[in-house]
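For reference, the structure discussed in these notes is given below.
Note that this is a predicted model, so its numbers are computed, not measured. By convention in this document, chain letters (A, B, ...) are assigned in the order of the sequence lines, proteins followed by strands, and residues within each chain are numbered from 1.
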Amino acid sequence: MPRPQPLSGFPELLPRQRIVEQQVVDHLRRAFELHGFANVQTRAVEQMDQLLRKGETSKEVYVLRRLQADSGGGDAGLGLHFDLTVPFARYVLENAGKLNFPFRRYQIQQVWRGERPQEGRFREFWQADIDIVDRDELPAHYEVEIPLVIADALRGLPLPPVRMHVNNRKLCQGFYQGLGIDDTDEALRIIDKLDKVGPEAVQKLLIDQVEATPEQAEACLKLAEISSEDTSFVDRVKALGVTDPLLEEGLGELAAVVEAAADQAPGLVVADLKIARGLDYYTGTVYETVLEGHEQLGSICSGGRYDTLASDGKNTYPGVGISIGVSRLLVPLLSSGALDATREVPTCVLVALADEDGRGEANALARRLRERGVPTQVSPSAAKFGKQIKFADKRGIPFVLFPGEEHQIKDIRSGEQTPVDVDSWEPPAEDLHPRIVAP
RNA sequence: GUGGUCGUAGCUCAGCUGGUAGAGCACCUGGUUGUGGUCCAGGAGGUCGCGGGUUCAAGCCCCGUCGGUCACCCCA
């Protein structure tokens, strides 16, 4: 059989890269739990009609089909989930009677989308999602809280600085309807393309597709140009002279988010009135996050407020949430070498072997180290010591223990070798486990 | 799904107007009779993505196909 080729869009990491991914996920998990989010896992599949509720994305859904299924029957109604928000909305409805509201949960799982892969775009990838849902009413302060949790979660990871662009759907829709544009959803989608196609093209689209007058299109562009790190955007919007109750509401909510973020996570959030998000179920604040220096990746963390996604007709459960695209964030940094692990195995100590008869003693020494939490393995063979050291070196294992009448431990980076008491020896804290480094 | 572009050693790549397949790094052995990394000497490793065609002769030209990659669409 010829050597299998990688399947594009389904990234598989090497062990040292996986160490980075694993530690990032552990870090996110700790951060989310520090903020009181409970964990939930949902099944990989959903009913197709659940998945299709989100509209356009439907054609990207991987449908489940049993190989032997009769052409007419089978599991035709199932598909793999393409995000964690839709399954969560379903989960909330299904378990509403057993959950306590407001309910905050985090969920870190793989999702699948049948897209054409590109840098930072995959067909199977990890998302780390947080959401807060309440029954009937969701206070606006949760829209303020979400960016602060993300700021905490990303803090402490050796990543380039991130910048979260925040907008509010009510603000834009209020502005458009105050202006006299009817199809505000379509206007949002067009404005979202501004960075890609430029102002002239956007103006033309607005005129052609939502029947805006040139003056209305001009005003939409003026609004989209506004961005600020503080609440000064409010006055700039008001200076455009459009009045609408929904616009006022959106301005107030966005100002609250920006103000709290400027206070508690300076430099993280910028109000950016051209952010729209393609998805149509967002009803308030929307978030989009770029890695500085890696803007071409697109948003590595997006979300927003949705008031009607989870509703059984009798009760509604409005929510706000955001998803970190773990794979989008990490895979490009890993393959470019911008992120790496200090070693490719968990092993901290390799116990050397003078001869095969010594394996029993070596195993016992290894066990004593493991009992105190030091990851240890025994050399695969009693090769020349030079080879055993090389075995450790190639994997990045920092220490080699030589058993003998007096055991000795060697730090193979410095070459320093000293007698050691295996029941009290501790490696430096930074060597006990592999760490993430940004070379 | 549409369009561009690229497939040669584990990796990065060279390969002239078509004439028997190359380098660097990595790997293995020895120099080094039990402590690696440097150095030196040697060695191994290729159905040139796959299939067909043109030709005395194809890595190179033609057709097809598969895969990678980029852009569009959309999005984490």
Side-chain angles (χ1 to χ4, degrees), chain A residues 1-11 14 28 54-61 81-86 107-130 150 162 164 189 192-193 196-197 201 275-280 282 286-291 294 296-304 321-332 335 337 350 352-356 358 379 381-404 408-418:
Chain A
M1 183 171 109
R3 193 160 62 110
Q5 299 287 306
L7 203 48
S8 156
F10 294 86
L14 291 169
L28 295 176
K54 219 169 159 179
E56 273 304 290
T57 348
S58 59
K59 55 191 172 197
E60 299 165 0
V61 172
H81 60 221
F82 57 84
D83 76 356
L84 300 177
T85 307
V86 169
Q107 192 170 344
I108 302 174
Q109 285 182 237
Q110 280 168 305
V111 304
W112 295 268
R113 286 183 200 176
E115 298 187 75
R116 265 294 220 279
Q118 264 175 55
E119 188 188 19
R121 301 180 45 171
F122 308 101
R123 297 193 282 189
E124 174 180 80
F125 59 99
W126 288 89
Q127 285 193 330
D129 190 287
I130 54 172
I150 293 299
V162 299
M164 188 179 284
R189 267 191 291 274
D192 196 42
K193 297 178 194 297
K196 190 154 276 176
V197 301
I275 299 300
R277 312 258 59 235
L279 301 175
D280 46 3
Y282 291 120
V286 289
Y287 315 99
E288 215 166 86
T289 314
V290 292
L291 258 196
H294 300 266
Q296 80 289 351
L297 284 181
S299 173
I300 52 105
C301 177
S302 320
I322 195 164
S323 258
I324 300 177
V326 176
S327 303
R328 169 169 289 184
L329 183 60
L330 292 183
V331 171
S335 44
L350 177 76
L353 217 49
D355 53 69
E356 212 33 61
S379 179
S381 72
K384 288 184 183 179
F385 283 151
K387 286 204 172 175
Q388 297 190 48
I389 292 169
K390 208 167 169 181
F391 176 94
D393 190 34
K394 277 165 64 174
R395 290 161 179 76
I397 300 170
F399 296 99
V400 176
L401 176 68
F402 294 98
Q408 300 208 329
I409 197 144
K410 179 189 188 81
D411 180 333
I412 66 172
R413 295 158 301 186
S414 64
E416 189 187 354
Q417 184 168 330
T418 53

In whole angstrom, give the distance that lies between atom [atom1] of [X] and atom [atom2] of [N].
| X | N | atom1 | atom2 | answer |
| --- | --- | --- | --- | --- |
| A/I275 | B/A76 | CD1 | P | 12 Å |
| A/E416 | B/G36 | CD | P | 17 Å |
| A/L14 | B/C11 | CG | C1' | 12 Å |
| A/I108 | B/A76 | CD1 | P | 17 Å |
| A/R395 | B/G37 | CZ | C1' | 16 Å |
| A/Q127 | B/C75 | CD | P | 13 Å |
| A/L297 | B/A71 | CG | C1' | 16 Å |
| A/K193 | B/C75 | NZ | C1' | 12 Å |

If I pick the [atom1] atom on [M] and the same atom on [N], what distance separates them, to the nearest angstrom?
| N | M | atom1 | result |
| --- | --- | --- | --- |
| B/G3 | B/G10 | P | 33 Å |
| B/U5 | B/C63 | P | 13 Å |
| B/C50 | B/G67 | P | 15 Å |
| B/U33 | B/A44 | P | 24 Å |
| B/C25 | B/C39 | P | 9 Å |
| B/U38 | B/C28 | P | 12 Å |
| B/G64 | B/U54 | C1' | 15 Å |
| B/G43 | B/A9 | C1' | 15 Å |

Distance below 4.0 Å between [X] side-chain N/O and [N] OP1 or OP2:
| X | N | answer |
| --- | --- | --- |
| A/K384 | B/G30 | no |
| A/S299 | B/C75 | no |
| A/S327 | B/A76 | no |
| A/K390 | B/U35 | no |
| A/Q118 | B/A71 | yes |
| A/K394 | B/C28 | yes |

With no angle test and no hydrogens, is the base of [N] tied to the side chain of [X] by a donor-acceptor pair under 3.5 Å?
| X | N | result |
| --- | --- | --- |
| A/R116 | B/C73 | no |
| A/R113 | B/A76 | yes |
| A/R121 | B/C74 | yes |
| A/D393 | B/G37 | no |
| A/E115 | B/A76 | yes |

(message) Here's a test of your reading of the structure: between A/C301 and A/I389, which maps to the more 5' nucleotide of RNA chain B?
(response) A/I389
(message) For a stem of at least 3 consecutive Watson-Crick or G-U pairs with distances under 3.5 Å, i pairing with j, i+1 with j-1 and so on, which stems involve RNA chain B?
(response) B:1-7 with B:66-72, B:10-13 with B:22-25, B:27-31 with B:39-43, B:49-53 with B:61-65
Over all strands shown, is [X] touching base, sugar-phosphate only, or nothing at heavy-atom distances under 4.0 angstrom?
| X | answer |
| --- | --- |
| A/F402 | base |
| A/R123 | nothing |
| A/G298 | nothing |
| A/E119 | sugar-phosphate |
| A/I300 | sugar-phosphate |
| A/L7 | sugar-phosphate |
| A/A392 | nothing |

Between [atom1] on residue [X] and [atom2] on residue [Y], distance to nearest 0.5 Å:
| X | Y | atom1 | atom2 | value |
| --- | --- | --- | --- | --- |
| A/D83 | A/F125 | CG | CZ | 8.5 Å |
| A/I150 | A/L28 | CD1 | CG | 8.0 Å |
| A/Q127 | A/I324 | CD | CD1 | 10.0 Å |
| A/Q110 | A/H81 | CD | NE2 | 8.0 Å |

(request) Report yes if some heavy atom in the side chain of A/I389 is under 4.5 Å from a heavy atom in the side chain of A/K410; otherwise report no. (result) yes
(message) Measuring only between side-chain heavy atoms, which start at C-beta, is A/K387 closer than 4.5 Å to A/F391?
(response) no
(message) Under the criterion of centre distance below 5.5 Å and interplanar angle below 30°, is A/F125 classified as stacked on the base of B/A76?
(response) yes
(message) Counting only heavy atoms not in A/E356 (residues, nucleotides, ligands), do more than 12 fall under 6.0 Å from its CD?
(response) yes
(request) Run through A/R328, A/H294, A/Q296 and flag the one making a side chain to side chain contact (heavy atoms under 4.5 Å, CB included) with A/E119. (result) A/Q296
(message) Closer than 3.5 angstrom, by distance alone: can the side chain of A/R123 be matched with the main-chain N or O of A/G114 as a donor-acceptor pair?
(response) no
(request) Search all heavy atoms of A/C301 against all heavy atoms of A/T289 and return the closest pair with its distance. (result) O-OG1, 2.7 Å
